[in-house]
Each structure stands twice: as C-alpha cells, then as structure tokens.
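Letters go in sequence order (proteins before strands), and every chain restarts at 1.
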Amino acid sequence: MPDAQPHRYGPSLRQTLSDPLSSLRLLGRRALLALLGIAAGCAAVVALLNIGHNAAHEAIRTFKGLGSEVMVGSFTATPGTVTRPAPATLDTQHVKQAVPGLREIAPAILYSATVRAAGQAYPLSVIGTSHELEGVLGLRLRHGRFLSPYDQQSTYAVLGAQAARALNVGSVSNQGPVAIEGYLFEIIGILADHGHNPLIPIPVDEAILLPIEGMRRITPTPEITSIIARGRQSERLAEDAETLRDYLAPKAPGHTVQVQIPQQLLDGLERQARTFSYLLLGLASISLLVGGVGIMNVMVMNVSERRQEIGIRMAIGARPRDIASLFLLEAMALAVVGALAGALLGVAAAWMFVRLSGWSFSLSMTSLPLGIASSLLSTLFFGLHPARSAANLQPVTALRDD
Amino acid sequence: MELAVPNTGNNHTTALPGDNLLQLEGISHTYPTTVGSRSTLHNVSLSVMRGQSCAIVGASGSGKSTLLNIIGLLDQPTSGRLLLDGQDMTRATAHIRAQTRNQRIGFVFQSFNLLPRLSALENVALPLLYRGYGHTEAQRLALQEVTRVGLVNRAHHRPAELSGGQRQRIAIARALVGHPDLILADEPTGNLDSNTAGEVLALLQALNREQGVTLVIVTHDESLAQTLQRCLLVKDGHLLERYPNPVHA
Ligand SMILES: Nc1ncnc2c1ncn2[C@@H]1O[C@H](COP(=O)(O)OP(=O)(O)OP(=O)(O)O)[C@@H](O)[C@H]1O
Ligand SMILES: [Mg+2]
C-alpha cells in the first residue's frame with residue numbers, strides 16, 4: 001500500500017497546469033498560426049478601444065479649450081413650408097440689448113468660392129462675419145488687424161492661417177488684392193493658427209473672412225448659416241441660449257432655430273462616438289471570431305493527432321474532465337500568449353494612429369483587460385467543443401491504432 | 001447467482017475461498033459496422049478469484065481483446081453484468097470507470113503504449129499523478145517501481161531510447177505503480193523476441209506469486225499459457241474453460 005494516500009482523486013493543480021504547457025512546445029508552427037489569429041483579434045479590440053478613447057479625449061480637450069460659455073445658433077429650413085431665405089444680417093447691438101446675458105455675438109455666412117491671387121486660383125471657404133467674431137472665438141492676429149465696425153461697406157478681407165499659407169501670403173504690406181467671384185478684396189490681416197474645433201461650425205483657419213454686409217457681392221442671396229455667441233455666466237448659459245432662440249425665431253420665418261450650448265454639442269459628439277464604438281465592436285468581434293476559429297482548427301487537429309495519447313491517459317485513470325482540461329488549458333495557454341502579444345500590438349497601432357492624427361496619446365486603462373479577456377473568452381467558447389469531443393471518446397476507441 | 005463478498009479494497013490479502021475479484025455474467029458485445037452490426041461476444045460468463053493467474057487463448061479475431069477491454073473497463077458490453085470486487089461496474093459513469101481503472105487495474109499492451117514525450121520515470125509516475133499524488137511523492141514511488149523492473153539506470157530516457165523489452169518493463173512498472181488488484185495484459189510479449197519475452201513473463205509471474213496480484217493474459221503462446229493456473233479459450237465469441245492447470249490448481 002503506498003503511503004500518504006491522497007484523499008482526493010484527480011491531478012494536482014500544478015500537474016493540471018504544467019501538462020498543457022509541456023505539450024504546447026510540440027504544437028510548433030500550427031500553434032503559431034492560432035496564436036496569430038488570437039493576437040490579431042486582441043490587437044483589434046485593444047487598438048479600436050484606444051482609438052475610440054483618444055477620439056473622445058480629443059473632443060473633450062477641444063471643448064475645454066473652447067471655454068464653457070460659447071453657444072452656437074443655426075437655422076434649418078422647416079420642411080413643408082414655403083422656402084424663404086434666412087436673414088442675411090444681424091443687428092448685434094440690438095441682440096445684446098434683448099439678451100443681456102450675452103457678452104458678445106457674431107453672425108457667420110459660410111460659402112465656398114475660388115479665390116485668385118497673383119494669377120493663381122485656390123478653392124477656399126469664405127466666411128462673412130462681423131468684427132465681434134474676434135472676441136467670440138478669441139482669435140489672434142499674426143499680421144495687420146481684424147475687421148472693424150467701420151469696415152462694413154469696405155472690401156477688406158482677413159486670411160486664416162492655413163489659407164494664407166495656401167495663397168502664399170506672408171505679410172499684409174506690399175500684398176496685391178485677391179479676387180473672389182470677380183470682386184477685388186484687400187488683405188488687411190492674417191490670423192495666427194486657431195486650430196480646428198469640432199464644436200464650431202466654421203473653419204476659420206482655412207477661410208478668408210469678409211464683412212458680412214459684403215457677402216451680397218459674392219452670392220445673390222446670402223443667408224446666415226451660424227451665429228456664435230459668448231455668454232457672461234456659464235451657469236446661466238442654458239437660459240440665455242433659450243432667450244436667444246426666442247429672439248431669433250421670429251426673424252427667420254419658415255426656419256427652425258436652434259441654439260446649442262457646448263454640453264448639448266458634446267452630447268451629440270458622444271452619441272456619435274457611441275455609434276462609432278458599436279462599429280468598432282462589430283469589427284473587433286469579427287477579428288475575435290476569426291481568432292477563435294483558428295484556435296478551434298488547431299485543437300481539432302491536435303485532438304485527432306493525439307488520440308492514442310488520450311487513450312493511454314484514459315486507461316491509466318484520466319477522467320473525461322482531466323482530458324478536457326488538458327486540451328482546453330493548452331488552448332488557453334496559447335490564447336494568453338497570443339492575447340498579450342496582441343495587446344502590445346494593439347497599443348502600438350493605436351499610438352501610431354493617434355500620433356498621425358496629430359492628437360496626444362493617452363492609454364485607455366480598460367482596453368487591456370477588455371481585449372485580453374475577450375480573447376480568452378473567445379478561445380474558451382471555441383475550444384470547448386473540441387475539448388469535450390476528446391473527453392467523450394471511449395477509451396477503447398481512442399486506443400485503437402488506425 | 002453467487003453473491004460476492006464486499007471487499008474493502010485491501011489490495012494484497014491472500015485469496016479467500018469464493019473471493020471473486022472479477023465476475024462476468026452473460027456478457028455480450030457487438031460492434032456497430034457500416035453493414036449492420038457485428039457480434040463478437042455471446043453470453044460470456046466468468047469468475048476469476050483474487051490471486052489467480054489466467055490465460056486467454058484463441059484464434060485471431062475470436063474476440064480475446066474485446067473481452068479483455070470489457071474486463072478492463074475500456075469498453076462496455078452490449079448486455080450482461082460485470083462485477084469488480086463485488087461492485088457492479090456495468091453502468092458506472094466514465095468518471096467512476098476511470099477512477100476504478102486507476103486504482104484497481106494495471107494494463108500491459110502489446111505495443112507498450114508509453115507516452116513518447118515523457119521519460120520512462122514520468123510515464124511510470126503518471127497514474128499516481130492522476131490519483132492525486134504530489135509530484136515529488138509520485139516520482140519517488142515511480143523510481144521504486146522502475147528499480148524493481150531493473151531499469152533504474154534508464155529512468156530518464158525517453159521510450160524511443162529504450163529497447164522493446166525495456167519499454168515493456170517500463171509499461172509493467174507503470175501498471176504496478178498504483179498497486180492494482182488486477183493486471184490485464186494483451187499479448188504482452190507479442191512484439192518481443194523469445195529471450196526478452198521470457199524475462200517479461202517471469203516478471204509478471206513473480207508479481208502474481210509474491211504479491212498475489214491477479215493476472216489475466218491474452219496470448220498466442222501455448223507454452224506461456226501452460227505456465228498459468230487457468231486457461232480459457234475464446235472461440236467465435238464463446239468462452240470455454242480449457243483447463244484449470246492441474247500443476248497449479
Ligand atoms: N472497431 C471494430 N469495429 C468492428 N469490428 C471490430 C472492431 N474491432 C474488432 N472487431 C472485430 O471483432 C472481432 C474480435 O476482435 P478482437 O480484436 O477482440 O479479436 P482478437 O481475438 O483480439 O484477435 P487478435 O488475436 O488478432 O488480436 C474481430 O472479428 C474483429 O474483426
Ligand atoms: Mg487482440
């Protein structure tokens with residue numbers, strides 16, 4: 001009688017864990033294939049989660065830079081009513097009296113046109129606006145000056161930083177006029193880089209800015225596309241936005257007037273980001289599916305190749321659950337290695353994407369556990385069937401050598 | 001029907017009269033094949049007492065291996081009852097059958113059936129690991145067994161680095177390491193030359209004599225069969241008692 005008879009039947013935890021590891025080394029090239037599948041799946045999940053995370057991060061960062069007192073108004077033609085143009089100008093003094101919560105307000109008409117300078121033509125955005133835009137958006141000038149209240153009837157223009165580079169305009173002095181739709185405009189200022197802000201619907205950097213009254217020269221029916229305002233108190237912003245909307249609504253019959261505050265805009269962005277995440281989720285599940293099928297394939301071949309071994313182990317006392325865990329843990333060991341490699345790969349890919357987009361990278365803490373766990377779950381799901389079919393073999397069938 | 005005396009599982013007690021280790025009652029077996037089914041055993045009944053040594057002979061294809069696999073709980077009969085040490089194993093779960101094989105039965109196969117990746121010692125230790133022994137203890141007991149079959153200096157070799165006779169001795173060590181009641185051997189000398197076959201056989205018989213292990217050996221070798229206490233003949237799926245060998249009985 002052997003001494004120290006164990007009180008529980010079945011291999012020890014150490015044995016259960018070390019057996020699959022030692023047979024793993026024998027899987028060779030095929031293991032590498034399954035590993036690649038799982039790694040790709042995990043990399044996809046991690047990369048996509050990180051890109052989503054950084055995109056959201058970026059949106060929030062720009063929102064913070066914007067200041068929390070900005071509101072954006074817009075007119076949309078109400079369907080089913082007689083089409084009438086939206087207003088072409090806005091009496092900003094009058095608005096400020098009617099809505100005392102506003103610090104500043106500027107209208108904007110967005111249009112795109114071909115701008116000619118020094119005999120060459122460039123397609124640019126044209127923004128008709130007032131001198132107040134400088135204060136509303138906090139624009140800074142690199143050269144010259146911004147539009148002033150006295151420029152209403154003039155043919156002055158201010159260039160956005162990007163537009164100035166495109167037109168090759170370095171300074172205001174000794175710069176000839178530029179032509180828009182046949183009209184000549186004199187450049188009086190060049191803006192410093194302002195940066196893109198997803199919440200602001202006008203592309204200041206890529207535009208040429210004109211006095212709003214002059215837009216009639218460029219388009220026969222100018223219509224205000226957006227109104228950008230800055231409130232005095234961020235806590236009262238929602239009420240002020242409502243007052244502003246009530247003020248604007250009668251001025252634009254046949255149009256629905258909306259005044260959004262950053263919180264709403266941000267909510268909209270978030271909704272968008274959520275849709276995007278579902279898309280990413282779909283992509284990631286497909287990758288995991290492919291990885292899982294790869295694992296399943298390796299395991300099915302593994303089981304059929306090692307049938308004799310299964311028979312021998314069964315003959316000397318391996319229970320169905322011991323056989324199942326042998327193969328399942330083998331698959332899991334593969335998956336762990338694959339998932340770790342994939343996680344690194346995913347972070348690297350996301351990092352590259354984020355840097356190429358010109359954002360700053362921040363690691364999503366949940367992406368790593370989520371990516372690794374979903375890879376392991378996929379492996380468990382796809383490995384269960386082959387492991388069980390091995391476990392349910394009759395010992396005599398497994399032992400037969402043919 | 002003779003009621004078996006419940007045995008508490010003390011492995012090496014001397015045989016009591018009527019102490020049936022193994023009892024088969026009306027065992028039949030059919031293989032399902034592509035053209036209907038093929039009947040291999042018909043209504044086989046058999047009792048083997050604890051400590052007996054027993055040969056099973058018969059023509060090729062007569063059903064000897066099938067019978068041995070059923071006795072060893074590797075296969076299930078189509079009908080009939082199988083009792084091991086008084087316990088009905090016919091409808092036992094795969095879990096219980098595996099546990100019973102591990103604790104009560106040792107197998108010796110014609111083709112050795114060692115795991116090629118493991119060393120001789122690890123092969124011998126494996127049944128103990130499944131039984132729940134720790135790694136160190138299993139290795140220690142396995143080494144004793146490897147020493148007993150005279151291969152202590154080959155303990156760390158892989159099966160591929162051993163001769164046929166040495167592999168079979170390692171397989172016997174593996175069958176013995178768990179101190180089974182019953183050793184089942186299917187043509188254990190079939191792949192060995194006559195000298196090595198003699199050594200392996202002597203090892204098995206010594207176990208039977210000195211430790212009272214019950215021995216059932218399927219063989220084609222008449223002279224081998226004659227050295228055992230009993231000889232059973234399988235003919236077309238029927239079991240006939242050829243002789244209880246008068247020399248040993
Ligand atoms: N898996 C199987 N499916 C169908 N028939 C089988 C199967 N295995 C064995 N048989 C048939 O069952 C019969 C008994 O086979 P078994 O292996 O028990 O014979 P045996 O007496 O051990 O022969 P041998 O001395 O050649 O080993 C044979 O006729 C064989 O053809
Ligand atoms: Mg046979």
Side-chain angles (χ1 to χ4, degrees), chain A residues 1-28 31 302 305-326 329-330 387-402, chain B residues 9-12 31 65-66 68-70 72-76 93-107 109-118 122-138 140-141 144-145 171 174-175 177-180 184 186:
Chain A
M1 197 87 194
D3 16 40
Q5 185 82 257
H7 48 85
R8 256 188 60 240
Y9 189 83
S12 66
L13 189 67
R14 175 182 158 183
Q15 192 58 29
T16 310
L17 292 178
S18 70
D19 256 356
L21 282 180
S22 61
S23 39
L24 206 58
R25 272 180 281 131
L26 282 114
L27 282 175
N302 196 11
E305 254 174 33
R306 283 161 62 192
R307 217 190 51 200
Q308 186 93 8
E309 176 186 338
I310 296 170
I312 296 170
R313 286 181 184 270
M314 283 178 159
I316 63 175
R319 298 160 298 174
R321 70 165 73 145
D322 299 324
I323 298 295
S325 68
L326 177 71
L329 286 173
E330 240 176 76
R388 283 185 55 166
S389 72
N392 291 336
L393 277 173
Q394 277 287 324
V396 69
T397 320
L399 273 170
R400 199 176 294 142
D401 44 0
D402 51 28
Chain B
N10 197 351
N11 294 3
H12 304 302
Y31 278 114
S65 294
T66 308
L68 201 73
N69 287 337
I70 289 174
L73 307 180
L74 296 172
D75 204 351
Q76 281 182 298
T93 60
H95 181 125
I96 295 292
R97 294 159 76 80
Q99 200 164 332
T100 309
R101 284 194 296 273
N102 179 280
Q103 290 168 340
R104 297 185 167 275
I105 306 172
F107 294 94
F109 302 94
Q110 177 175 1
S111 50
F112 321 130
N113 277 346
L114 299 172
L115 292 184
R117 297 187 281 107
L118 304 185
E122 288 167 328
N123 264 290
V124 175
L126 202 53
L128 294 181
L129 293 176
Y130 276 116
R131 196 182 284 190
Y133 277 81
H135 188 76
T136 324
E137 181 68 358
R140 189 180 69 77
L141 294 167
Q144 282 180 8
E145 226 54 51
R174 181 181 64 185
V177 77
H179 294 251
L184 302 177
D186 195 345

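Annotation for B:Y130 and A:G317: closest pair CB-O, 4.1 Å, computed over non-hydrogen atoms. Taking both residues in full, the closest heavy atoms of A:A318 and B:A98 are given as O-CB, 3.5 Å, listed atom of the first, atom of the second, then distance.
Contact of B:Y31 with chain A is made through the side chain alone, with heavy-atom distances under 4.5 Å. In this structure, the portion of B:H135 lying under 4.5 Å from any heavy atom of chain A is its side chain and not its backbone. If you measure heavy-atom distances from A:Q15 to chain B, the contacts under 4.5 Å come from the side chain alone. For B:I105, no part lies near chain A; criterion is any non-hydrogen pair under 4.5 Å. B:N69 touches chain A through its side chain: at least one heavy atom from C-beta onward sits under 4.5 Å away, while N, CA, C and O do not. Only the side chain of A:R14 comes within less than 4.5 Å of a heavy atom of chain B; its backbone N, CA, C and O stay farther away. Heavy atoms of B:R97 lying under 4.5 Å from chain A are absent altogether.
Distance CZ/A:R313 to CG/B:L115: 5.5 Å, rounded to 0.5 Å. Atom CG of B:D75 and atom CZ of A:R400 lie 8.0 Å apart (nearest 0.5 Å). The CG atom of A:D322 sits 8.5 Å away from atom NE2 of B:H95, with the distance rounded to the nearest 0.5 Å. Here OG of B:S111 is found 8.0 Å from CD1 of A:I312. Values are rounded to the nearest 0.5 Å.
With a 4.5 Å cut-off on side-chain heavy atoms, B:R101 and A:P395 count as touching.
Not one N or O on the side chain of A:R8 forms a donor-acceptor pair closer than 3.5 Å with the backbone of B:G132.
Side chains of A:Q308 and B:N113: a donor on one and an acceptor on the other come within 3.5 Å.
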